[in-house]
Amino acid sequence: MINSLDWRRTHYSRDVNPEMNGQEITVMGWTHEIRDLGGIIFVLLRDRDGTIQITAPSKKIEKEIFEDLRKIKKESVIAIKGTVQESPKAPGGVELIPLSLNLLNESKQPLPLDPTEKVRAEIDTRLDSRFLDIRKPAVSAIFKIKSRMLHSIRVFLEQNEFLEINTPKLVASATEGGTELFPITYFEREAFLGQSPQLYKQIMMSAGFDRVYEIAPIFRAEEHDTLRHLNEVISIDIEASFMNHEDVMNILEKLVVQSITDVKTHCQDDLDVLGREMEIPSLPFERLSYDDMVDMVNSHGVALEHGEDMSRASEKALGEIMEGYYFITDWPTAIKPFYVMPDEKNPEKSFAFDLMYKDLEISSGAMRVHKHDLLVERIKNQGLNPASFEKYLAAFEYGMPPHAGWGLGAERFNMTLTGVNNIRETVLFPRDRRRLTP
RNA sequence: GCCCUGGUGGUGUAGGGGCUAUCAUGCGGGCCUGUCGAGCCCGCGACUCGGGUUCAAUUCCCGGCCAGGGCGCCA
């Protein structure tokens with residue numbers, strides 16, 4: 001038996017088909033299952049995209065390979081050189097008859113969880129041994145979809161003339177208000193992990209980059225403990241000049257539809273593994289005003305005052321009424337951040353919107369205040385100190401164009417694509433209230 | 001942060017004041033040439049921690065730790 005990487009993979013399991021009958025190939029991966037029937041051994045070799053059956057009849061292969069094969073432990077890393085054999089009895093109508101076996105690395109036993117899922121493990125156990133958990137097709141499917149989702153979003157934004165930017169995640173100020181920040185030590189000073197690229201992407205509007213996007217982590221030190229919050233998530237942010245809230249809503253809904261279409265086209269196998277039937281939503285998404293939303297929630301038996309932010313109960317009620325993706329618009333100015341532009345005709349209401357999927361908020365955005373004096377007034381009204389926004393406010397004094405933007409939660413969007421109900425499922429190594437490893 | 005529930009072999013579970021602690025999967029060994037949740041036989045492996053009640057605690061009580069669920073928080 002060989003034990004070093006002096007071969008190279010010629011095919012992934014999914015590339016092998018019955019038409020390749022007789023061809024000699026090399027596959028590499030993990031031993032998913034081993035069924036030793038005495039005179040014949042079946043090994044399921046799993047790689048990134050599937051499995052292929054290695055079939056070893058004792059009479060037809062070298063005795064040494066046969067003996068080595070029967071000793072291999074589950075989840076070991078192997079490479080097999082073999083001959084493709086068309087066979088109606090094999091899964092997928094094709095199997096590989098081994099000519100040579102290369103044990104690249106043996107796995108310890110017993111395993112901390114079962115990658116074949118005969119016995120399911122709890123999320124906590126799974127996250128502790130995430131490397132093994134992700135070997136399961138139903139888990140890796142989520143991340144292949146996430147990869148495609150992010151790819152399609154980048155393609156869409158580039159097609160629409162957005163420039164990718166990178167803004168700092170180490171920030172000085174804890175004065176943006178709202179969420180709790182994670183304090184860190186920055187040499188002799190205190191600093192924080194960034195909660196949002198909001199202020200920086202707005203500054204870029206003044207810098208003349210009139211369409212920007214960033215896909216990057218944001219950090220929030222909230223002690224929340226729910227299925228839809230984490231302390232580190234990926235935010236997909238855009239900001240665009242010479243646009244209002246309607247313009248960026250149009251961009252957002254088109255982006256969502258294009259991304260769904262792309263995932264459906266390229267990740268059908270992964271969607272199948274997840275048992276996910278994807279429908280491509282039609283455009284435009286329904287626009288529901290905040291006031292109408294409150295009335296609908298109330299008439300569904302859940303109390304919500306006009307002017308109040310949504311409770312979980314009201315989100316759930318709305319999720320029972322509304323289908324798929326929809327916007328909530330015309331939010332009360334008072335419950336939105338200072339940089340959101342009030343409607344000049346009715347300053348109680350703002351040009352802010354949320355994008356919902358059933359009962360889950362996946363994005364929020366707005367047309368922004370671009371006039372310096374109004375912005376200062378809004379900062380004061382929210383009990384914040386304009387002095388701590390000095391560097392941000394300066395960008396508004398020398399030609400800040402009107403602009404709008406939004407932030408889309410990558411994991412929450414991924415949840416709507418994959419149908420998983422725990423946001424932890426959509427992050428390789430999630431960070432929540434208690435978990436900081438692996 | 002609040003409320004509820006739980007913590008039993010590697011994993012997932014049943015149970016319960018004293019009995020060899022149940023089952024599945026797994027792991028180790030054996031048999032088996034078409035398995036595909038393979039099958040059959042033999043074996044291995046566990047009561048979260050501290051304190052209390054009791055003749056006796058894995059079981060009851062209190063506390064800690066950890067986890068699951070719900071809510072709150074989430075510019």
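Every chain is numbered from 1 and lettered A, B, ... according to where its sequence line falls, protein lines coming before strand lines. This structure is a prediction, so every number in the text was calculated from the model and none was measured.
Applying the side chain to side chain donor-acceptor pair (under 3.5 Å) test between A:T55 and each of A:K89, A:K60, A:Q85, A:E95 identifies A:E95 as the sole match. Between A:K349 and the choices A:D291, A:D330, A:D343, A:T333, the side chain to side chain donor-acceptor pair (under 3.5 Å) rule is met once, by A:D291.
Spacing between B:rU25 and B:rC42 at atom P, rounded to whole Å, works out to 14 Å. Atom P of B:rC31 sits at a distance of 23 Å from the matching atom of B:rA24, rounded to the whole Å. Comparing the C1' positions of B:rG9 and B:rG28 gives an interatomic distance of 15 Å, to the nearest angstrom. B:rG43 and B:rC47: their C1' atoms are spaced 22 Å apart (whole Å). Here, B:rU59 and B:rG17 have their C1' atoms 6 Å apart, quoted to the whole Å. Using C1' as the reference atom, B:rC74 and B:rU13 are 37 Å apart when rounded to the nearest Å. Taking atom P on both nucleotides, B:rU48 is separated from B:rC44 by 22 Å, rounded to a whole Å. Here, B:rC61 and B:rU22 have their C1' atoms 27 Å apart, quoted to the whole Å.
Closest heavy-atom contact between A:A138 and A:V273: CA-CG1, 3.4 Å.
Taking the six-membered ring where the residue is Trp, the centroids of A:F353 and A:F327 are separated by under 6.0 Å. Aromatic rings from A:F285 and A:Y326 are positioned such that their centres are separated by 6.0 Å or more.
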Query raised in the report: Dot-bracket for RNA chain B: what is it, with Watson-Crick or G-U pairs under 3.5 Å, [ ] where a pair crosses earlier ones, and | for a pair to another strand?
Result: (((((((..(((.....[....)))((((((.......))))))...(((((..]....))))))))))))....
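For the pair A:K63 NZ and B:rU33 C1', the interatomic distance rounds to 15 Å; values are reported in whole Å. One atom, CG of A:L375, and another, P of B:rA75, lie 17 Å apart when rounded to the nearest Å. If you take NZ of A:K89 and P of B:rG34, they are 8 Å apart, rounded to a whole angstrom. One interatomic measurement links the two molecules: CD1 of A:I72 to P of B:rG28, which rounds to 13 Å at whole-angstrom precision. Nucleotide B:rA75 holds its P atom 17 Å from the CZ atom of A:F192, rounded to whole Å. If you take CG of A:D124 and P of B:rC66, they are 11 Å apart, rounded to a whole angstrom. Between the P atom of B:rC73 and the CD atom of A:Q195 lies a distance of 17 Å, rounded to the nearest Å.
When heavy atoms are screened at a 4.0 angstrom cut-off, A:E33 is found touching the sugar-phosphate backbone but no base atom. Residue A:A90 is in base contact, counting any heavy-atom pair closer than 4.0 Å across all strands shown. Residue-level contact check: A:E223 touches the bases, meaning some heavy atom is under 4.0 Å from a base atom. Backbone-only engagement by A:K73 is indicated by non-hydrogen atom pairs under 4.0 Å involving sugar-phosphate atoms exclusively. Using a 4.0 Å heavy-atom criterion, one finds that A:E95 contacts the bases of the nucleic acid, with or without backbone contacts as well. Here A:S311 lies in heavy-atom contact (under 4.0 Å) with sugar-phosphate atoms only.
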Query raised in the report: Would A:D47 and A:V27 count as a side chain to side chain contact (heavy atoms under 4.5 Å, CB included) if you check the C-alpha gap in whole Å, the side-chain angles of each, and the deciding distance to 0.1 Å?
Result: CA-CA 8 Å; A:D47 58 24; A:V27 291; 5.6 Å; no
Requested in this report: Just do the salt bridge (Lys or Arg N to Asp or Glu O under 4.0 Å) check on A:E253 and A:R287 with the steps written out, would you?
Outcome: CA-CA 11 Å; A:E253 63 186 355; A:R287 267 76 166 161; 2.7 Å; yes
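When each of B:rG34, B:rA75, B:rC36 is scored by its nearest atom to the side-chain atoms of A:P337, the top-ranked nucleotide is B:rA75. You'll find that the side chain of A:R220 is closest to B:rA75, out of B:rU33, B:rA75, B:rC73. Here B:rG69 is the nucleotide among B:rG69, B:rA75, B:rG28 with the atom lying nearest to any side-chain atom of A:L227. Among the nucleotides B:rG26, B:rU33, B:rC73, the one closest to any side-chain atom of A:T226 is B:rC73.
Within residues 126-137 of chain A, no residue approaches RNA chain B, by heavy-atom distance under 4.0 Å. Of the residues in residues 426-438 of chain A, those with a non-hydrogen atom less than 4.0 angstrom from any atom of RNA chain B are A:R433, A:R434.
Using the six-membered ring where Trp is involved, A:F351 and A:H245 have ring planes that are parallel, under 30° apart on the 30 and 60° scheme. Ring pair A:W331/A:Y290 is tilted by interplanar angle, where 30° to 60° counts as tilted.
Side-chain contact between A:H11 and A:M20 is present, with at least one heavy-atom pair separated by less than 4.5 Å. Between A:V256 and A:L355 there is a side-chain heavy-atom pair separated by less than 4.5 Å.
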Query raised in the report: Which letter, B, S or -, goes with each nucleotide of nucleotides 39-48 of chain B from 5' to 3', with contact meaning a protein heavy atom under 4.0 Å?
Result: ----------
Query raised in the report: Reading nucleotides 3-14 of chain B from the 5' end, what letters show protein touch, with B for base, S for backbone sugar-phosphate only, - for no heavy atom under 4.0 Å?
Result: -------SBSS-
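Between A:R46 and A:E33 there is no salt bridge, since none of the side-chain N atoms of the basic residue sits less than 4.0 Å from a carboxylate O of the acidic one.
Between A:K108 and B:rC27, a side-chain N or O to OP1/OP2 separation shorter than 4.0 Å is absent. Note on A:K118: every side-chain N or O is 4.0 Å or more away from OP1 and OP2 of B:rA24. Applying the 4.0 Å criterion to OP1 and OP2 of B:rC71, one finds that A:K316 has a side-chain N or O inside that range.
Residue order along RNA chain B, read from the 5' end via each residue's closest nucleotide, puts A:Q109 first among A:S87 and A:Q109. Across the interface with RNA chain B, nearest-nucleotide mapping of A:Q53 and A:G38 shows A:G38 to be the residue nearer the 5′ end.
In this model, a donor atom of one side chain and an acceptor atom of the other lie less than 3.5 Å apart for A:T167 and A:K169. Using modelled atom types and a 3.5 Å distance limit, the side chains of A:E75 and A:S107 yield no donor-acceptor pair.
Applying the salt bridge (charged side-chain N to carboxylate O under 4.0 Å, His left out) rule to A:R312 yields the partners A:E315, A:D359; only residues at least two apart in sequence or on another chain are considered.
Side-chain atoms of A:H224 and base atoms of B:rC73 include no donor and acceptor less than 3.5 Å apart.
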